Undergrad: 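Here it is, the structure in full.
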Amino acid sequence: MDTSLVTEFQRSDAAESSAPAYLRLRRLLRQRVESGAMGPGHALPSERELAQQLTLSRVTVRKAIAGLVEDGVLIQRRGAGTFVAERIVKPLSKITSFTEDLRARGLNPRSVFLEREVGEVTPEEAMALNLSPGSLVVRLHRLRYAGDEPLAEERSAIPHSILKDPNLVKDSLYAALDSLGCRPVRALQRLRAVNLSAAQARLLNVAVGGAALAVERRSFLADGRLVEFTSSWYRGDAYDFVAELQGE
Ligand code: GLP
């Protein structure tokens, strides 16, 4: 057992005894994650152990932890316990692929295809890709995993004139485009915070209404042609987007 946690909790008890115990414990655990005292992947003691050491009821401990799980600070794995959530840090300024981002972090990217087909552009795709109505696109709808954990839902449209065969995309769209000499060199990206719909929450294995980052990317080839229009919904508890900003 982490004795400093016990000491700090006792100290918070003395300092702000009017605050409910579950809130003080929640705040304390959050501070320890934010300060790095408990790093990503750190395993918390069991509820029973925490309750015993802090002389709290298990209900109080459960309530403190539930709030942090909801906020994506902690994750619970059935049968294994409670851990500090691992976040995937994605640099915003480079055009990297999902596969590359995960591999760079030593994780195992995997995709499940929900759709992989050739079809006529929808009005939204036609606008985004600057195509005329009736043009063909390759459409991919994928659930993207790190190992067994679903991280993002992703829908991509690629002009058929660039990618003829959807089955060329195995694990990575960018690897397929690269093999055709059509890897994007520039992209416009839009990020929004959203709450997941019931269907998306089910796919991503999170609570309905859970937070997500919706990212739309329109990518270009060196000659200015649009090569992809992708909408992704990344689980808010699993992804950090980081941008480097420079002065003049
Ligand atoms: C990220 C981007 C998408 C891009 C995808 C390619 O998820 N947001 O716009 O299509 O990477 O990833 P991969 O090459 O692994 O299919």
Side-chain angles (χ1 to χ4, degrees), residues 86-119 121-122 124-131 137-194 196 200 203-204 206 211-222 224-244:
E86 309 253 5
R87 299 182 70 88
I88 294 152
V89 177
K90 156 134 194 57
L92 264 179
S93 53
K94 291 224 177 83
I95 314 184
T96 52
S97 71
F98 182 88
T99 305
E100 291 160 346
D101 290 340
L102 264 70
R103 289 217 178 111
R105 266 141 213 105
L107 296 167
N108 178 24
R110 210 164 58 80
S111 297
V112 168
F113 281 86
L114 305 175
E115 195 175 68
R116 177 165 31 176
E117 57 168 32
V118 178
V121 273
T122 62
E124 195 199 2
E125 289 163 349
M127 294 280 284
L129 289 169
N130 214 2
L131 293 173
V137 284
V138 163
R139 209 170 280 129
L140 310 172
H141 182 194
R142 294 179 288 172
L143 197 53
R144 318 228 45 187
Y145 288 79
D148 293 332
E149 189 110 22
L151 285 189
E153 183 198 358
E154 199 153 66
R155 288 178 182 274
S156 305
I158 303 99
H160 187 245
S161 55
I162 294 175
L163 177 65
K164 296 263 184 281
D165 179 6
N167 293 315
L168 207 58
V169 183
K170 304 281 187 247
D171 294 321
S172 163
L173 168 63
Y174 281 16
L177 292 173
D178 212 2
S179 73
L180 298 168
C182 289
R183 191 182 159 112
V185 296
R186 188 173 76 80
L188 283 175
Q189 193 157 279
R190 185 167 85 155
L191 273 86
R192 278 176 309 134
V194 294
L196 291 167
Q200 290 180 313
L203 283 176
L204 294 173
V206 295
L213 276 165
V215 180
E216 258 178 33
R217 186 184 287 185
R218 294 167 68 224
S219 308
F220 300 82
L221 298 178
R225 274 181 299 159
L226 273 149
V227 60
E228 76 159 322
F229 172 51
T230 295
S231 304
S232 316
W233 293 266
Y234 293 90
R235 266 175 41 192
D237 61 349
Y239 250 85
D240 274 5
F241 284 81
V242 175
E244 183 182 295

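In each ligand, atom 1 is the first atom listed, and ligand 1 is the first ligand listed. Bear in mind the structure is a predicted one, so any value in this text is a computation, not a measurement.
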Undergrad: Yes or no on side chain to side chain contact (heavy atoms under 4.5 Å, CB included) for Phe98 and Tyr234, after CA distance, side-chain angles and deciding distance?
TA: CA-CA 11 Å; Phe98 182 88; Tyr234 293 90; 4.3 Å; yes
Undergrad: So is Tyr174 polar-close to ligand 1, meaning N/O to N/O under 3.5 Å?
TA: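 Yes, since at least one N or O of Tyr174 sits under 3.5 Å from an N or O of ligand 1.
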Undergrad: Run through Val137, Val138, Val121, Leu131 and flag the one making a side-chain contact (heavy atoms from CB on, under 4.5 Å) with His160.
TA: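 The residue from Val137, Val138, Val121, Leu131 that satisfies side-chain contact (heavy atoms from CB on, under 4.5 Å) with His160 turns out to be Val138.
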Undergrad: Indicate yes or no for a side-chain donor-acceptor contact from Ser172 to the backbone of Tyr174 under 3.5 Å, with no hydrogens or angles considered.
TA: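 Side chain of Ser172 to backbone of Tyr174: a pair is present.
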Undergrad: Counting each atom of ligand 1 from 1 as listed, which ones have a heavy atom of Ser232 under 4.0 Å away?
TA: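 Those qualifying, in numeric order: 8 (N).
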Undergrad: Going by distance only, is there an N or O of Ala175 that falls short of 3.5 Å from an N or O of ligand 1?
TA: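 In this structure, Ala175 places no N or O atom under 3.5 Å from an N or O of ligand 1.
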Undergrad: Based purely on interatomic distance, does Phe98 place a nitrogen or oxygen under 3.5 Å from a nitrogen or oxygen of ligand 1?
TA: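 In this structure, Phe98 places an N or O atom under 3.5 Å from an N or O of ligand 1.
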Undergrad: Quick check on contacts: which atoms of ligand 1 are under 4.0 angstrom from a heavy atom of Leu173?
TA: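 Listed by number with element: 10 (O), 13 (P), 14 (O), 16 (O).
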Undergrad: For a side-chain contact (heavy atoms from CB on, under 4.5 Å) with Leu226, tell me which candidate from Asn130, Leu188, Ile162, Leu221 qualifies.
TA: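 When Asn130, Leu188, Ile162, Leu221 are each tested with Leu226, the side-chain contact (heavy atoms from CB on, under 4.5 Å) holds only for Asn130.
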Undergrad: Inspect the contact between Arg139 and Glu228 and indicate whether a charged nitrogen and a carboxylate oxygen are less than 4.0 angstrom apart.
TA: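 Looking at Arg139 together with Glu228, the answer is no, because their closest N to O distance does not fall below 4.0 Å.
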Undergrad: Tell me, please: is Phe229 in heavy-atom contact with ligand 1, that is, under 4.0 Å?
TA: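 Under 4.0 Å: no for Phe229.
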Undergrad: Which ligand 1 atoms, with their elements, are less than 4.0 angstrom from a heavy-atom of Thr99?
TA: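 So the answer, numbered in order with elements, is 13 (P), 15 (O).
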Undergrad: Can you confirm, on distance only, whether ligand 1 has an N/O atom lying under 3.5 Å from any N/O atom belonging to Arg144?
TA: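 Yes, since at least one N or O of Arg144 sits under 3.5 Å from an N or O of ligand 1.
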Undergrad: So if I count the atoms of ligand 1 from 1 in the order they appear, which ones are less than 4.0 Å from some heavy atom of Arg142?
TA: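 Near Arg142, the atoms of ligand 1 are 16 (O).
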Undergrad: Tell me whether Arg218 contacts the main-chain N or O of Arg190 through its side chain, where contact means a donor paired with an acceptor under 3.5 Å.
TA: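 Answer holds: no.
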Undergrad: Is the side chain of Arg110 donor-acceptor paired with the backbone N or O of Gly147 at a distance under 3.5 Å, no angle test?
TA: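 Yes; judged by distance alone, with no hydrogens or angles, the pair exists.
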